[in-house]
Visitor: 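Here's a structure for you.
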Amino acid sequence: MNIIHTRAASAPAGHYAQAVSHQGTLYISGQLPVSPDGRHSFEASFAEQAQVALDNLLAILKSAGGSPADLVKVTVYVVGVKHWPEFDGLYAAALGEHRPARAVVPVPELHHGYLIEIEAVARSA
């Protein structure tokens, strides 16, 4: 097992790793819209929060030697299904032609009052 950590994404706020690589699979922990320097963006728009969370996820993936094409499954938790179309556009722009399996799960609330959290499974080297 290999623990992945990068300063290009927000540091874990609890007892967990940003990601763990094990037997060819990378498990990326849920990423909230916290900037790599630890700044919170509670008041930011949904689009801004989604971009920060996506950037964190992709930075961790890159740190592990991967790219968006290595994503196998992405789970997105959003406060309010109304944000789904806006997220889908940002997600498509970030991943390009690659289309991993995905679930978008509407939830009533997330930690710190954020509007989005993203976790993923990817292949690893």
Side-chain angles (χ1 to χ4, degrees):
M1 216 171 18
N2 185 24
I3 304 300
I4 307 298
H5 181 80
T6 178
R7 292 184 185 162
S10 62
H15 190 72
Y16 61 93
Q18 287 175 327
V20 175
S21 177
H22 182 66
Q23 296 185 347
T25 303
L26 179 67
Y27 303 90
I28 303 173
S29 294
Q31 297 301 302
L32 291 167
V34 179
S35 66
D37 66 4
R39 278 182 298 117
H40 288 269
S41 54
F42 308 113
E43 303 302 321
S45 70
F46 176 80
E48 292 169 317
Q49 289 190 31
Q51 192 61 61
V52 171
L54 273 169
D55 290 348
N56 283 340
L57 185 127
L58 294 174
I60 294 165
L61 181 61
K62 181 179 178 183
S63 173
S67 73
D70 294 308
L71 289 168
V72 174
K73 172 75 167 79
V74 178
T75 304
V76 184
Y77 303 94
V78 294
V79 176
V81 73
K82 66 184 177 201
H83 296 297
W84 183 90
E86 189 171 19
F87 173 75
D88 197 51
L90 293 166
Y91 181 80
L95 270 59
E97 294 299 314
H98 183 58
R99 293 174 180 247
R102 183 183 82 184
V104 177
V105 183
V107 296
E109 67 180 315
L110 289 167
H111 200 63
H112 299 299
Y114 280 120
L115 301 174
I116 187 167
E117 182 172 356
I118 309 169
E119 67 177 357
V121 176
R123 66 181 169 198
S124 66

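Fair warning: this is a prediction, and the values are worked out from it, not measured in the lab.
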Visitor: What do the steps show when you test V78 against L115 for side-chain contact (heavy atoms from CB on, under 4.5 Å), and what is the final call?
Guide: CA-CA 6 Å; V78 294; L115 301 174; over 6 Å; no

Visitor: How many angstroms lie between atom OH of Y77 and atom CG of L32, to the nearest 0.5 angstrom?
Guide: 11.5 Å

Visitor: Do V72 and V105 belong to the same hydrophobic cluster, where Ile, Leu, Val, Met, Phe, Trp and Tyr are linked whenever their side-chain heavy atoms lie under 4.5 Å apart, directly or via other members?
Guide: no

Visitor: Just wondering, are more than 12 heavy atoms of other shown residues or ligands nearer than 6.0 Å to CD in E109?
Guide: no

Visitor: Report yes if some heavy atom in the side chain of R102 is under 4.5 Å from a heavy atom in the side chain of D88; otherwise report no.
Guide: yes

Visitor: Can you list the other members of the hydrophobic cluster that holds Y27, where links are side-chain heavy atoms under 4.5 angstrom apart?
Guide: V121

Visitor: Using the rule side chain to side chain contact (heavy atoms under 4.5 Å, CB included), only one of I28, L58, L54 pairs with I118; which is it?
Guide: L54

Visitor: Which atom names give the shortest non-hydrogen contact between S63 and I4, and what distance separates them?
Guide: OG-CG2, 3.9 Å

Visitor: If hydrophobic clusters are built from ILVMFWY residues whose side chains come within less than 4.5 Å, do L110 and V34 share one?
Guide: no

Visitor: Given the rule that I, L, V, M, F, W and Y join up when any side-chain heavy atoms are under 4.5 Å apart, are V107 and Y114 in one cluster?
Guide: no

Visitor: Which heavy atom in V52 sits nearest to a heavy atom in S35, and how many Å separate them?
Guide: CG1-N, 4.1 Å

Visitor: Should the ring pair F87 and F46 be called parallel, tilted or perpendicular, given that the plane angle runs from 0 to 90° and is split at 30 and 60?
Guide: perpendicular

Visitor: Which heavy atom in A8 sits nearest to a heavy atom in P36, and how many Å separate them?
Guide: O-CG, 3.2 Å

Visitor: With clusters built from Ile, Leu, Val, Met, Phe, Trp and Tyr whose side-chain heavy atoms come within less than 4.5 Å, directly or transitively, what are the remaining members of the cluster of M1, listed by chain and number?
Guide: I3, V20

Visitor: Would you say the side-chain atoms of Q51 pair up with the backbone N or O of L90, donor to acceptor, closer than 3.5 Å?
Guide: no

Visitor: At what distance, to the nearest 0.5 angstrom, does OG of S124 lie from CG of N2?
Guide: 8.5 Å

Visitor: So, do V74 and Y91 sit near enough that their side-chain heavy atoms are less than 4.5 Å apart?
Guide: yes

Visitor: Within this structure, what is the CG-CD1 distance for the pair L26 and I60, rounded to the nearest 0.5 Å?
Guide: 8.5 Å

Visitor: Begin with the C-alpha distance, continue with both residues' side-chain angles, and end with the deciding distance and a verdict on side-chain contact (heavy atoms from CB on, under 4.5 Å) for Q31 and S10.
Guide: CA-CA 8 Å; Q31 297 301 302; S10 62; 4.0 Å; yes

Visitor: Checking the side chain of S45 only, and the main-chain atoms of E48 only, is there a donor and an acceptor separated by less than 3.5 Å?
Guide: yes

Visitor: Listing request: all salt bridge (charged side-chain N to carboxylate O under 4.0 Å, His left out) pairs with a residue in residues 63-73, at least two apart in sequence or in separate chains.
Guide: D70-R123

Visitor: When you measure from the side chain of S41 to the backbone N and O of P33, does any donor-acceptor pair fall under 3.5 Å?
Guide: yes

Visitor: Would you say Q49's side chain and A44's backbone share a donor-acceptor pair under 3.5 angstrom?
Guide: yes

Visitor: Rounded to the nearest 0.5 Å, what separates atom CG in L57 from atom OG in S29?
Guide: 10.0 Å

